[in-house]
Amino acid sequence: MSPAHSSDMPSYSIASIPADGIGPEVIDAGITVLKALADTLETFRLDFTHYDWSSDTYKKTGEYIPDGGLDRLKKHDAILFGAVGSPDVPDHISLWGLRLAICQPLQQYANVRPTKVFRGTQSPLRNCAVGDLDWVIIRENSEGEYAGQGGRSHQGRPWEVSTEVAIFSRHAIERIMRFAFETAQQRPRKLLTVVTKSNAQRNGLVLWDEVAKAVAQDFPDVTVDKMLVDAMTTRMVLKPESLDTIVATNLHGDILSDLAAALAGSIGIAPTSNLDPTRQNPSMFEPIHGSAFDITGLGIANPVGTFWTVVEMLNWLGEKDAASKLLECVENVCEQGVLTRDLGGNATTKEVTEAVVAEIRKLGVK
Ligand code: NAI
Ligand code: MG
C-alpha cells in the first residue's frame, strides 16, 4: 500500500439527490469526474449515498422526502443536488417539497453563486473579456421574499385575496452581511456591493441597509457600495468589471444570479452552494439551473455547472488543492473548444465529461 492510501486519508460521505429532468444526467457526470479526481490524486476518499427523492417519488408516494429523511441527510458531510421540477407537478409544490424542505431546516442560510467567463467561452456582452466578469453573488437563503408566509382567502371567487409576506429579521440580515463581508475580504479586490430596494420597500429593506452599514464598521478594509436592484441590472450589463462580491435578498439574489450566469455565457455553467456557515448541518451544492425539460434525455445538457459545483463542494470540505486542480481541468477543456450547444459548441454531456476526465488523468502523470 502506498503512503497515500494510509488510513488517515480524509474520507467524505456525500448524499446525492439527482431528482428531476437533466438533474440525473449532470449529477452522473459530476460524480464521474469526482471519482476520477479522487482516484488520480489519492489524497482523499469519497463515498456516495444515492437518494431517489424526486417528482416521480412524489407522484408515487405523495412525498418528496420520506419520514426521517432529513435525519439521514444530516449524517453526511455534504449534499450534491441536481434539480427539482416536473411538467406535471406545480413548481411551488416541487420546490417547497424538496429543495426548500432541505435548505430551511438545515439552516443553509448563505446561498453563494460565483460567476466568471471561462477561458475558451464568450460572454454575450460585446466588450466583456475573460477577467472582466468575475463575481460572487451572496443570496440570503432563509427568509426575505421566500419566507413562505402568507395565505389565500376566498379561493376561486372574484374577491379572492392572497398575501406573500416578506420577512426581514435583524438576526438573519446580520449573519448574511457578515458572511458577505468575510467573502469580499478573502477576494483580492475586497469590494462589496449591497443590493437593496429601500426606496420602495421602506421597512424591511431599510433595516437591511442599516444592518449592512453597522456590519461594515467591522470590516474597514472592505470597500462597500449600495445599489438599488433595478440600477444593478444595468450596471451588471454595462460595467461588469466594476463589480466583485455582491450581497442581495433572496428574491433579488435569485434573479440577479440567473442574469449573471447568462452574462458569463450560459446558465449551464454556474454553480450554487447552500451553506450552513456554522457547520452544524451539511451544506448542499447544486448547479444553478433547473430541470430543463426542453433538453431532458437528449444527452446535451452542459455538465460544467455541476463540475464547478463539485469544485465548490471540495473547497467547502477543505480540499482546496483538489478543487483548484479540477477547476483548471474544466477550464482547459473549455479552452480546447469541447463545448455543449448552449456555449456555441456541439459536444454532448458525455464528450465534455470524458474530456475533463482525460485532463484529470494528466494530473496523475508525474
Ligand atoms: P431551467 O434552468 O431548467 O432552464 C432554462 C433554460 O436553460 C432552458 O432552455 C434550458 O434548456 C437551459 N438550460 C438549463 N440548464 C442547462 C444546461 N445544463 N445545459 C444546457 N442548457 C441548459 O429553468 P426553467 O425552464 O425556468 O425551469 C424548469 C424547471 O426547473 C421548473 O420546474 C423549475 O421550477 C425548476 N427549477 C429548479 C431549480 C432547482 O432545482 N434549483 C432551479 C430553477 C428551476
Ligand atoms: Mg433561480
Side-chain angles (χ1 to χ4, degrees), residues 16-30 33 51 53-59 64-65 79-104 106 108 111-113 115 118 121 124 137 139 141 146 250-251 253-275 283-310 312-313 330 333-334 338-353 356:
S16 112
I17 311 176
D20 297 341
I22 61 169
E25 302 169 41
V26 294
I27 293 303
D28 189 47
V33 303
Y51 292 89
W53 305 347
S54 65
S55 293
D56 278 345
T57 322
Y58 169 74
K59 283 181 272 176
Y64 275 91
I65 303 180
I79 304 159
L80 183 57
F81 187 85
V84 65
S86 166
D88 48 6
V89 178
D91 284 342
H92 67 279
I93 304 281
S94 56
L95 192 69
W96 282 93
L98 188 56
R99 191 176 162 276
L100 294 179
I102 297 171
C103 289
Q104 297 209 342
L106 298 193
Q108 295 163 345
N111 185 289
V112 182
R113 299 183 157 190
T115 320
F118 279 118
T121 71
I137 298 181
R139 163 182 168 193
N141 212 30
Y146 300 173
N250 213 333
L251 170 68
D254 187 7
I255 298 168
L256 294 180
S257 54
D258 269 29
L259 172 62
L263 293 177
S266 166
I267 187 137
I269 62 170
T272 301
S273 309
N274 301 284
L275 303 179
S283 293
M284 180 160 76
F285 301 83
E286 52 170 344
I288 198 174
H289 61 74
S291 324
F293 316 133
D294 50 339
I295 58 164
T296 300
L298 300 182
I300 57 167
N302 191 347
V304 168
T306 303
F307 297 158
W308 196 356
T309 294
V310 302
E312 294 297 301
M313 182 175 84
V330 175
V333 166
C334 291
V338 187
L339 303 170
T340 45
R341 231 184 268 180
D342 55 306
L343 287 174
N346 54 22
T348 61
T349 312
K350 192 159 176 262
E351 284 163 349
V352 177
T353 307
V356 173

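Indexing begins at 1, ligand by ligand and atom by atom, following the structure's order.
Nearest approach of T349 to A301, heavy atoms of both residues: OG1-O, 2.7 Å. Annotation for D342 and S266: closest pair OD2-OG, 2.5 Å, computed over non-hydrogen atoms. The shortest non-hydrogen separation linking R99 to N111 is NH2-ND2, 3.6 Å.
For ligand 1, the atoms closer than 4.0 angstrom to any heavy atom of A301 are 19 (N). Against a heavy-atom cut-off of under 4.0 Å, A83 is close to the following atoms of ligand 1: 40 (O). Within the listing of ligand 1, atoms 15 (N), 16 (C), 17 (C), 18 (N) sit less than 4.0 angstrom from a heavy atom of I22. Each of the following atoms of ligand 1 lies closer than 4.0 Å to a heavy atom of A292: 3 (O), 10 (C), 11 (O), 14 (C). With ligand atoms numbered from 1 in the order given, ligand 1 contributes 41 (N) to contacts under 4.0 Å with heavy atoms of E286. For ligand 1 and G85, the ligand atoms under 4.0 Å from any heavy atom of the residue are 32 (O). Taking a cut-off of under 4.0 Å to the non-hydrogen atoms of G268, the atoms of ligand 1 that pass are 17 (C), 18 (N). Counting the atoms of ligand 1 from 1 in the order shown, those under 4.0 Å from a heavy atom of I267 are 7 (O), 13 (N), 14 (C).
Contacts of R99 with ligand 1, taken as heavy-atom pairs under 4.0 Å, involve the side chain alone.
Between the side chain of E25 and the backbone N or O of G297, at least one donor-acceptor pair lies under 3.5 Å. Of the possible donor and acceptor atoms, none in the side chain of S273 sits under 3.5 Å from a partner among the backbone N and O of L275. Within the 3.5 Å criterion, the main-chain N or O of S291 finds a donor-acceptor partner in the side chain of T296. Side chain of S54 to backbone of T57: a donor-acceptor contact under 3.5 angstrom is found.
Among D342, N302, I295, L298, the residue whose heavy atom lies closest to atom 22 (C) of ligand 1 is I295. The heavy atom nearest to atom 9 (O) of ligand 1, considering only I93, D294, D20, is found in D294. Distances from atom 35 (C) of ligand 1 to the heavy atoms of I269, T306, I17, V84 show the closest one on V84.
Within 6.0 Å of CG in D294 there are more than 12 heavy atoms belonging to other residues, nucleotides or ligands.
Note: an N/O pair closer than 3.5 Å links G290 and ligand 1 by distance alone.
Evaluated for a ring-ring contact (aromatic ring centres under 6.0 Å, His included) with Y64, the options W96, W53, Y58 yield exactly one hit, Y58.
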